[in-house]
Every structure is written in C-alpha cells, then in structure tokens.
Amino acid sequence: MIRLDSILKSILLLLLLCLSTGAQSATHLDGVRIWAAPDSTRVVFDLSQQPNYSHFTLTNPYRLVVDLQGASTKLDLNKIENNSKLVKRVRISKPPKKGILRLVIDLTTPAKANLFALTPTAPYGNRLVVDLDGVSGNIQEPKTPSSSALRDVVVAIDAGHGGDDPGSIGPSGLYEKRITLQIAKKIEAKINATPGMRAVMTRSGDYFVNLNRRSEIARKNKADLLVSIHADAFTSPQPNGASVWVLSMRRANSEIGRWLEQKEKHSELLGGAGEIIQNSDNEQYLAMTLLDMSMDHSMAISHNIADDVLSNLGKVTRLHKHKPEAASFAVLKSPDIPSILVETGFISNHREEKLLTQREHQNRLANAVYAGVLRYFEKHPPVNTLMASKRSISHKVAKGESLSVIAHRYQVSVSSLKKANNLKSNNLRIGQTLVIPRA
C-alpha cells in the first residue's frame, strides 16, 4: 500500500511545480516609454510576454485605464521621461481584483486611443502600444494666397522612421531614425534659405508619424514634392551605396483604385474638378481619368527629380543603383504629389555607417538632394510661384544687336549678361541664343 505521507508529498510537489510554472509565466512590465509628437503621443509598455489587456476611458479628469492580466512590475513610474503635452503622467492604480496590473494614463485633454500589441523586433521585445491623438491636430495650415499672389515652391521632407520605430540598426548600434532626421534637417535649412522655396517637415523630432499621416501633412501644406530620407540595410555587410526610388506602376494602379473608392477625397485630390464630377452621372469614369492623369504627371516629375538627385549623389558618395528604382513604398503613394525616396547609404555596411554619422558627409548628401530638387524647379517652376516669375528667359541675337543694347532692353548689366553666358568678349553672332539673368 502507498503510504499517506507519500501521497501528501506528491501533492505538495505538484502544487509547488504549478506555482513555479505560474510564476515563470507571469508577465512583467519592464519599461514605459513616451514618444511625443506635436499633435499626438505614443506610450509604449515593454513587457516580458505578449500582453492580455483591456482598456476604457474616463472623464473629469480625462484618463485612459489599461488593465494587464497576470502582470506585475517593480518600475518607479515617477521617473519616466515625459515631454508630451497630451499625457500628464502614467501611474499604477488599485486593480479591480487580484492578478491585474492597472495602469492609468492621465490626460490633459480628450484623446482618441488606439491600442495594439507588437511582437519582438530588435531592439525591442513584446510591447503594448497606445497611440493617443488629440481632439484638435496642429498640421501646419498654409496661408491661402490671393489669386494674384505668388507663392513659394513647397517641399515636404520626410525623415524616415522615428520614436518607437528605429528603422534599420547599424553594426555599432546606430539607429536609422537618428541619421534620417539629421540629414532631413540639413535639407530643410538649405531649402528655407532659398528665396522662393519653403520646406515642411513631416516630423521634427524623435517621434513616430503614421505613413498615411506623412502624405497628409504634405497635402495639407500643398507640397509640390515629397522627399523621404532613409538609410538602407541588408543581412550582410557587403552592400553599399546610395539609391533613389520612385513609385512602381503596380502600386500606382492599386492606389488609383483605392482613391476611387474614397469619393469624399475626390475634391481634396482634384481641386475644383472634384466638386464638379461629384454631381456628374459619370463621376467614377471622370474621377478615374483625372486621377490617372494626376498620377502620370506626378510620376513623370518624380522620375525627373530622381534622375537629378541621383546624378548629384554620385558626385559625393558611392551609388548602389545608377538609375532610379521603382518600388511599392507606402510613403510614395500619393497620386497628386510627386514623391521620391532617397536611400543615403547602407547603415549595415561598417564603412557607410561611420560615414553617415559624420557632419561633413551628411552635409554633402543633403546638398546633393537639395541641388537636384533646386535644379528641377528652376527649370520647371510651378505656375504662380516666385520661382516662375524670376525664371531666366532667353534671347536670340538679331542683326545689329550688341551686348549693351540687349542689356539695356532687359534692364540688366553687361557684366551679368556676360557672366550668365560665360562670354569672354563682347562679340556676338547673329542667331546666338543668350540667357537673360534675373534682374
């Protein structure tokens, strides 16, 4: 017969094993990170395991309550870095029952909350992400010029990744998001220092911006071009060099189909024409035709600018691809905004990772992108822009004309006329074409 004490010992051992297993499977809250954007905030909970959670909101005061099942923490939440204007603080509150970790996010204003779990991706483990959007956004609203006013050429600059999305990671631990922002800010400064041009940043700090939001920021600011800055990576360290990408035709066609389904967007994308076709019996057909034309126009401009940018990049760094490549990058998908994506180099390559951190190399890359963009808009300035009004014109020399006569006619100096045309003397020939410099 089995002795009673043996049975009791077996039961006790089984209970201890169960308790041990339960302790090992408990979820630990290992960290809390707050990423603040101008009009939204992302709160990230770093967890030891995939979370089992629920949430609800409260008012007076505004709060978001998150309950984590079977979770615990030893964190001091008072020490969390927080520069958000939307989140006052994150704190622990009394749970409704044992075995629940109740986290409260105190808010300054009402906010729309979106919660989702993320599986481990270097350098992060399991995460519960809370995206909070304020009731009123602060996308920069451009001033509406009068019909006779001249406007700036607007270039939207998109620094890839940001916040909880580090992008690719170099051999030394360098984050792509850091490099893209540094180079993007240098391009911004060069564009803003150019008369007749203005830059708009999709993000100006270390925070995440949704890919659709990036295009929206460009559109709200009536951008003539969107330039997205990235750093490439590969599984091996050998690949190197910069490249420039444009939207693939396959993605373009699928995007046109998606935009067609969103009838409320037609006016936004097609201007006054959108309002007209909404009242037409052939709305779908007309919208498809106009969107198709808009996409073709945008893609043609994108290819031209990509060629100019790539040519300039080839003068300051190695090229991975010597011609613009086409791909289905989401940030390039707007049918109404010409868009290019610049891979500044391979962050996974030891040599290029080091180069990408150097201020001089960043300046050279930024200047190459800027020069390519400037060259295109100087040749093809959009109508009603300051650049179009100051565009150089040409003059064909007629019989009896001299440099002084032509200079007087266009109200420019002889020296500037000679400089603009690289003339070594005052001699001209009939039929010769001269570039007339800006006054």
Side-chain angles (χ1 to χ4, degrees), residues 138-158 184-202 204 214-227 267-276 290 293-309 312 334-340 366-367 369-395 406-413 416-417 419-421 433-439:
N138 74 338
I139 288 180
Q140 184 181 348
E141 290 291 346
K143 294 179 180 178
T144 304
S146 64
S147 57
S148 60
L150 296 175
R151 67 175 181 85
D152 291 332
V153 171
V154 179
V155 180
I157 306 170
D158 172 52
K185 284 184 174 180
K186 287 175 170 59
I187 300 171
E188 176 196 25
K190 293 176 187 298
I191 287 174
N192 283 337
T194 305
M197 297 187 79
R198 179 169 63 90
V200 173
M201 297 283 283
T202 62
S204 56
R214 295 171 194 245
S215 296
E216 183 185 340
I217 292 170
R219 184 173 296 109
K220 290 291 184 184
N221 284 279
K222 302 185 184 302
D224 298 286
L225 172 70
L226 185 148
V227 180
S267 291
E268 184 180 343
L269 289 170
L270 301 173
E275 296 176 3
I276 294 170
L290 290 171
M293 290 171 61
S294 177
M295 181 68 91
D296 283 348
H297 179 67
S298 293
M299 291 180 70
I301 294 174
S302 301
H303 272 278
N304 287 336
I305 297 176
D307 277 327
D308 280 342
V309 170
N312 282 285
S334 293
D336 54 330
I337 305 173
S339 307
I340 65 171
N367 195 61
V369 175
Y370 160 74
V373 171
L374 178 64
R375 181 181 176 186
Y376 176 83
F377 284 116
E378 282 184 331
K379 287 183 179 178
H380 312 282
V383 294
N384 299 325
T385 61
L386 286 165
M387 292 188 78
S389 71
K390 295 179 180 179
R391 184 184 178 190
S392 297
I393 57 176
S394 60
H395 175 87
I406 296 170
H408 178 73
R409 176 179 174 180
Y410 291 101
Q411 297 297 299
V412 297
S413 67
S416 66
L417 194 57
K419 183 178 180 181
N421 292 275
T433 300
L434 297 178
V435 173
I436 308 301
R438 297 169 185 170

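Because the structure is predicted, anything quoted here is derived from the model rather than measured.
Between D224 and R151 there is a salt bridge, since a side-chain N of the basic residue sits under 4.0 Å from a carboxylate O of the acidic one.
The two residues H395 and I436 come nearest to each other via the heavy atoms CB-CD1, 3.9 Å. The shortest heavy-atom contact between A199 and I157 is CB-CD1, 3.8 Å. Shortest non-hydrogen contact noted between A388 and P382 is CB-O, 3.4 Å. Counting all heavy atoms, side chain and backbone alike, I337 lies closest to S215 at CD1-O, 4.1 Å. Heavy-atom minimum distance, A218 versus L226: CB-CD1, 3.7 Å. Across all their heavy atoms, A366 and K186 have their closest contact at CB-CB, 3.6 Å.
Between N304 atom CG and H380 atom NE2 the span is 6.0 Å, to the nearest 0.5 Å. The CD1 atom of I187 sits 10.5 Å away from atom CG of D158, with the distance rounded to the nearest 0.5 Å. Rounding to the nearest 0.5 Å gives a distance of 11.0 Å between CD1 of I305 and CG of L374. Distance check: H303 NE2 to D308 CG gives 13.5 Å after rounding to the nearest 0.5 Å.
Checked against ring-ring contact (aromatic ring centres under 6.0 Å, His included), H408 has no partners two or more places apart in sequence or in another chain.
The closest side-chain heavy-atom distance from M197 to V373 is below 4.5 Å. In this structure the side chain of V309 never reaches within 4.5 angstrom of the side chain of Y376, judged on heavy atoms. Side chains of D307 and R375 form no contact here, defined as non-hydrogen atoms less than 4.5 Å apart. Y370 is listed as a side-chain neighbour of T194, based on a closest heavy-atom distance under 4.5 Å.
Side-chain atoms of N421 come within 3.5 Å of backbone N or O of V435 as a donor-acceptor pair. Under a 3.5 Å cut-off, the side chain of S302 and the backbone N or O of S339 do form a donor-acceptor pair.
When I191, V153, V155, D152 are each tested for a side-chain contact (heavy atoms from CB on, under 4.5 Å) with R198, only one passes: D152.
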